[in-house]
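Everything below concerns the one structure shown next.
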2 protein chains.
Amino acid sequence: MHDPLVKHPGYTLRRASGAMTAELTQRLADHGVRIVDATVLLWISENPQVTASALGRALDIQRANMVPLLKRLEDAGLIERAPIDGKSQGLSLSEEGRKRVPAIEATIEAFEQDLLARIPLQHREHFIPALDALWR
Amino acid sequence: MHDPLVKHPGYTLRRASGAMTAELTQRLADHGVRIVDATVLLWISENPQVTASALGRALDIQRANMVPLLKRLEDAGLIERAPIDGKSQGLSLSEEGRKRVPAIEATIEAFEQDLLARIPLQHREHFIPALDALWR
DNA sequence: TGCTATTGTTGTTGCGTATAACAATCCAGA
DNA sequence: TCTGGATTGTTATACGCAACAACAATAGCA
C-alpha cells in the first residue's frame, strides 16, 4: 500500500509528536498526573507566586482552561493559591507538591533522554533548533 | 519568567507540532475539511478500493473511529463505498472527490514547503530523519 | 463443517482546546 | 481624583480526536 505522505515534514511531525506524547502520558500515569499537569507543576516550581493568567500565556493555555486544571492540582493537594491583590492569586507548590515534584521531574528528564537517544547521532543536535524555528 | 522546559526535546516537539497543526487546520478550513479528512482523502486517492480497516491500521486510527470520519466524507459526497465481499467495502473517491482533492493536495504541499522553509538551512535535511526515528 | 479472526458498527468516555460571557478589580490618562 | 479600558478569575458550552467494550455478520482456514 502506497503512503502518500511519506517524506512530508508536517505529517511526520504530527505522527512523531503523537507517539512521544502517548509514551510520556504512560510514564507519568504512574505518578497520577497528566503531561499538562506535570508541565504546570514544573513551571510553578521554577516560578513561585506566578499567576494563573501568566502561566496560561507562557504555556498557550486559555485562561478559561486553567480553571479545571488548577482545581485538579489543588484538589490533589499539590499546589496552593495565595491572593496577591484583589484579583490575582499567586501559585506555589504545597508541602506535598514539593515532595512529589522531584520524582515527576526525574521521569520527564529520563523520558527526554530516551527520546533523544532514539535519534541517530548525526541528526541529534539539529533536532531542537529545527523544531524551535517552527514555534518560538 | 524562567521556562523550565527550554531545551527539552519532548516539550519542543509537542509545541512545534501544535503550532503546525493549528496552521494546517486553518489552511484546510477553506476547503471545508479537517486534517484527518484530507489525510484520508489522499490515501484513498493513492489506494483506490482500500478498506476502512486497512486505512485505520495505516493511519493508526481505531476501526471504531473511522466510522464517523468516513460517514462525514460520504455525506460530503467526496467518497464512495463499494462492497468487496460480504463484510468488506472498498473506498474510492467520488466524481466530486476527484474534482476537489487536487486543490486539497496543493494546499498541503504548499504548507509542507512553507514549514520546511522556516527551518534554518543547516538543520533542514535532518528534520524528517530525526522525526522518523521516533515513530516508524 | 466448525472454529477463529476480521470487518463494520454502536455507544460511551476521557482529554484537550476554543469561544462567549460576566463580575470584580486594576491601572493609567484626563 | 475620577473614570474608562484592560486584566483576572470564573462559568458554561461546544468541538475534535482518541480509547474501550461489545456485537452481529462474514471470511477463511483446519
Side-chain angles (χ1 to χ4, degrees), chain A residues 11 13-15 17-29 32-40 44 49-76 79-91 135, chain B residues 10-11 13-15 17-29 31-40 44 49-76 79-91 135:
Chain A
Y11 179 71
L13 176 59
R14 280 192 303 281
R15 293 299 298 261
S17 176
M20 291 302 97
T21 298
E23 178 166 337
L24 181 54
T25 297
Q26 193 61 37
R27 294 202 196 186
L28 285 174
V33 294
R34 309 173 187 176
I35 292 181
V36 68
D37 293 342
T39 307
V40 164
I44 294 176
Q49 296 311 311
V50 70
T51 212
S53 289
L55 203 45
R57 274 190 298 272
L59 299 176
D60 276 326
I61 298 174
Q62 304 286 323
R63 223 164 56 250
N65 295 328
M66 294 295 295
V67 178
L69 198 169
L70 294 176
K71 180 174 186 333
R72 184 170 58 239
L73 295 177
E74 194 177 28
D75 289 349
I79 65 171
E80 288 168 350
R81 319 195 203 201
I84 292 178
D85 57 29
K87 76 172 174 186
S88 297
Q89 44 191 271
L91 303 171
W135 72 279
Chain B
Y11 178 70
L13 176 60
R14 281 193 302 281
R15 293 299 297 261
S17 176
M20 292 302 97
T21 298
E23 179 167 336
L24 181 54
T25 297
Q26 193 61 38
R27 295 202 196 188
L28 285 175
H31 300 281
V33 294
R34 310 175 188 175
I35 291 181
V36 69
D37 294 341
T39 307
V40 164
I44 293 176
Q49 296 311 312
V50 71
T51 213
S53 289
L55 204 44
R57 275 189 296 270
L59 299 175
D60 276 326
I61 298 174
Q62 305 284 321
R63 223 163 58 247
N65 295 327
M66 294 294 295
V67 178
L69 198 169
L70 293 177
K71 180 174 186 333
R72 184 171 57 241
L73 295 178
E74 193 178 30
D75 289 349
I79 65 170
E80 288 167 351
R81 320 194 201 201
I84 291 179
D85 55 31
K87 76 175 175 184
S88 297
Q89 43 192 274
L91 303 171
W135 72 280

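Each chain gets a letter, A, B and so on, in the order its sequence line appears, and its residues count up from 1. Nothing here was measured: the structure is a model prediction, and the numbers come from that model.
Here dT7(D) is the nucleotide among dC17(D), dA25(D), dT7(D) with the atom lying nearest to any side-chain atom of K87(A). Here the nucleotide nearest the side chain of Q62(B), chosen from dC26(C), dG16(D), dA19(D), is dA19(D). Among dT10(C), dT10(D), dC15(C), the nucleotide with an atom closest to any side-chain atom of A64(A) is dT10(D). Comparing atom distances between the T51(A) side chain and each of dT8(D), dC17(D), dT19(C) picks out dT8(D) as nearest. Closest to the side chain of N65(A), out of dT10(D), dT17(C), dG8(C), is dT17(C).
For R57(B) and V67(B), each mapped to the nucleotide of DNA chain C holding its nearest heavy atom, the one lying further toward the 5' end belongs to R57(B).
Atom C1' of nucleotide dT17(C) and atom CG of D60(A) are separated by 12 Å, given to the nearest angstrom. For L24(A) and dC15(C), the CG to P distance is 15 Å, given to the nearest whole Å. Atom C1' of nucleotide dT17(C) and atom CD1 of I35(A) are separated by 15 Å, given to the nearest angstrom. Computed from coordinates, the R34(A) CZ to dT13(C) P distance equals 16 Å when rounded to whole Å. Spacing between atom CG of D85(B) and atom P of dG28(D) amounts to 6 Å, rounded to whole angstrom units. Whole-Å rounding puts the Q89(B) CD to dA27(D) P distance at 13 Å. Protein atom CG of L28(B) is 11 Å distant from nucleotide atom P of dC17(D), rounded to whole Å. Per the geometry, CZ belonging to R72(A) stands 13 Å off P belonging to dG14(C), to the nearest Å.
A donor-acceptor contact shorter than 3.5 Å links the side chain of D37(A) to the backbone of R34(A). Judged purely by atom type and a 3.5 angstrom limit, T25(B) uses its side chain to pair as donor or acceptor with the backbone of T21(B).
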